[in-house]
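Below is one structure, written out as structure tokens; the observations come after it.
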Amino acid sequence: CNLQPKDAAKMPESAWKLLFYSLSWSYGAYLLFCTDYPFFHDPPSVFYDWKQGMEVPTDIAIAYLLQCSFYGHSLYATAYMDTWRKDSVVMLLHHVVTLTLIASSYAFSRGVLRESRGDLLGTESRGLGVGSPRSRALGFWFRLYWFPLKVLYATCHSSLQSVPNIPFYFFFNALLLVLTLMNIYWFLYIVLFVAKVLLGQMQEVNDVREYDVEESR
């Protein structure tokens with residue numbers, strides 16, 4: 001394939017993420033569009049008839065298991081296996097916050113929307129700073145448009161209308177807002193990438209999150 005040594009070293013990481021995101025994206029799309037769950041078109045419905053300790057449907061529980069397993073592994077992989085990048089510390093924080101959200105929402109049976117939108121709205125998150133223009137455009141659309149429109153609106157506003165005394169309201173929404181700030185942080189890498197291309201400072205497509213050779217010396 002005539003890959004450079006640097007690119008060849010990143011190949012296993014990229015191949016694994018492509019496989020997992022493709023499978024989890026497909027399962028998320030199945031849950032949202034091929035079942036009776038109205039979460040995508042009617043996000044506030046997540047909180048209709050909500051009660052603490054309610055049973056989590058098996059297909060949703062499978063999504064929880066897959067996501068918890070992935071982000072648990074990603075914590076270790078980001079710290080010890082993946083290429084260290086300028087945003088790796090933020091990525092570690094992202095994994096901790098996401099894992100906390102998923103585990104806590106399962107424990108309190110209130111996070112079906114957060115989990116169901118999982119990789120359907122988040123599959124392209126790793127492409128926010130790199131990849132094709134299509135990947136970056138989808139990353140912006142999913143993370144900075146649909147995420148606030150459908151997830152934050154439902155958890156910050158609609159949840160109080162359906163369940164006025166819903167527990168851990170500030171805890172969950174604080175974590176979701178932290179994720180939003182991270183999404184904005186990664187979007188700035190897109191802006192930096194575009195700026196470098198327009199100013200002629202980049203002759204080939206590179207990951208702007210990676211350290212330059214000169215910086216690493």
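Predicted model, so just to flag it, every value in this text is computed and none were measured.
- With sequence neighbours left out, Asp42 forms a side chain to side chain donor-acceptor pair (under 3.5 Å) with no residue at all.
- Here the straight-line distance linking atom SG of Cys156 with atom CG of Asn173 works out to 3.5 Å at 0.5 Å rounding.
- With rounding to the nearest 0.5 angstrom, the NZ atom of Lys86 is 7.5 Å from the CG atom of Leu192.
- Under a 4.5 Å side-chain heavy-atom criterion applied to ILVMFWY residues, the cluster that includes Leu23 comprises Leu19 as well.
- By the 4.5 Å heavy-atom criterion applied to side chains, Leu179 and Leu101 are counted as neighbours.
- When the side chain to side chain contact (heavy atoms under 4.5 Å, CB included) test is applied to Ala77, the partners found at least two apart in sequence or on another chain are His73, Met81, Asp82.
- By the 4.5 Å heavy-atom criterion applied to side chains, Tyr153 and Pro43 are not counted as neighbours.
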Stepwise ring pair (Phe, Tyr, Trp, His ring centres under 6.0 Å) test for Trp146 and Phe40: CA-CA 10 Å; Trp146 269 348; Phe40 185 81; 5.1 Å; yes

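- Under the rule for a side chain to side chain contact (heavy atoms under 4.5 Å, CB included), the partners of Ile62 that lie at least two apart in sequence or sit in another chain are Tyr27, Thr58, Leu66.
- The two residues Tyr169 and Thr155 have their closest heavy-atom pair at CE1-O, 3.3 Å.
- Shown here are the side chain to side chain donor-acceptor pair (under 3.5 Å) partners of Tyr76, two or more places apart in sequence or in another chain: there are none.
- Looking only at distances, no side-chain donor or acceptor of Thr98 sits under 3.5 Å from a matching main-chain atom of His95.
- When side chains are defined from C-beta on, Leu65 counts as touching Ser69, because their heavy atoms get closer than 4.5 Å.
- Here Val90 pairs with Met182, Tyr185, Trp186 under the side chain to side chain contact (heavy atoms under 4.5 Å, CB included) rule; sequence neighbours left out.
- One hydrophobic cluster holds both Phe170 and Leu160 under the rule that ILVMFWY side chains link at heavy-atom gaps under 4.5 Å.
- Placement of Leu92 and Phe20 within a single hydrophobic cluster is found when ILVMFWY residues are connected by side-chain heavy-atom separations under 4.5 Å, directly or transitively.
- For the atom pair Leu31 CG and Phe33 CZ, the distance stands at 10.5 Å (nearest 0.5 Å).
- Contact of the His94 side chain with the Tyr71 side chain is registered, since non-hydrogen atoms from C-beta on lie closer than 4.5 Å.
- When all heavy atoms of Ala154 and Phe47 are compared, the pair lying nearest together is O-CE1, 3.3 Å.
- Residues satisfying the side chain to side chain contact (heavy atoms under 4.5 Å, CB included) criterion with Ala103, sequence neighbours excluded, are absent altogether.
- Side-chain contact check for Tyr37 versus Ser45: every heavy-atom pair is 4.5 Å or farther apart.
- The same ILVMFWY cluster, assembled from side-chain heavy atoms under 4.5 Å apart, contains both Leu177 and Leu175.
- Within the 4.5 Å cutoff, the side chain of Val96 has heavy atoms near those of the Thr100 side chain.
- A distance of 10.5 Å separates OG of Ser105 from CD1 of Ile60, quoted to the nearest 0.5 Å.
- Remark: His41 pairs with no residue by the side chain to side chain donor-acceptor pair (under 3.5 Å) rule, at least two apart or across chains.
- In this structure Tyr48 satisfies the ring-ring contact (aromatic ring centres under 6.0 Å, His included) test with no other residue, sequence neighbours excluded.
- Here the side chains of Phe147 and Leu176 are in contact, with some heavy-atom distance below 4.5 Å.
- Both Leu198 and Ile190 belong to a single network of hydrophobic side chains, linked directly or stepwise wherever heavy atoms of I, L, V, M, F, W or Y lie under 4.5 Å apart.
- In this structure, the side chains of Ser24 and Gln67 come closer than 4.5 Å at one or more pairs of heavy atoms.
- Tyr30 is connected to Leu32 through a chain of hydrophobic side-chain contacts under 4.5 Å among Ile, Leu, Val, Met, Phe, Trp and Tyr, so both are in one cluster.
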### Task
Determine, step by step, whether Phe70 and Tyr21 satisfy the side-chain contact (heavy atoms from CB on, under 4.5 Å) criterion, reporting the C-alpha distance in whole Å, the side-chain angles of both residues, the deciding distance to 0.1 Å, and the verdict.
CA-CA 10 Å; Phe70 174 74; Tyr21 287 141; 3.7 Å; yes

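- The shortest non-hydrogen separation linking Pro148 to Tyr145 is CD-O, 3.3 Å.
- Atom CZ of Phe39 sits about 7.5 Å away from atom OG1 of Thr35, to the nearest 0.5 Å.
- Counting all heavy atoms, side chain and backbone alike, Cys68 lies closest to Leu99 at O-CD1, 3.6 Å.
- Every residue was checked against the ring-ring contact (aromatic ring centres under 6.0 Å, His included) condition with Phe171, not counting sequence neighbours, and none meets it.
- Here OG1 of Thr78 is found 9.0 Å from CG of Asp87. Values are rounded to the nearest 0.5 Å.
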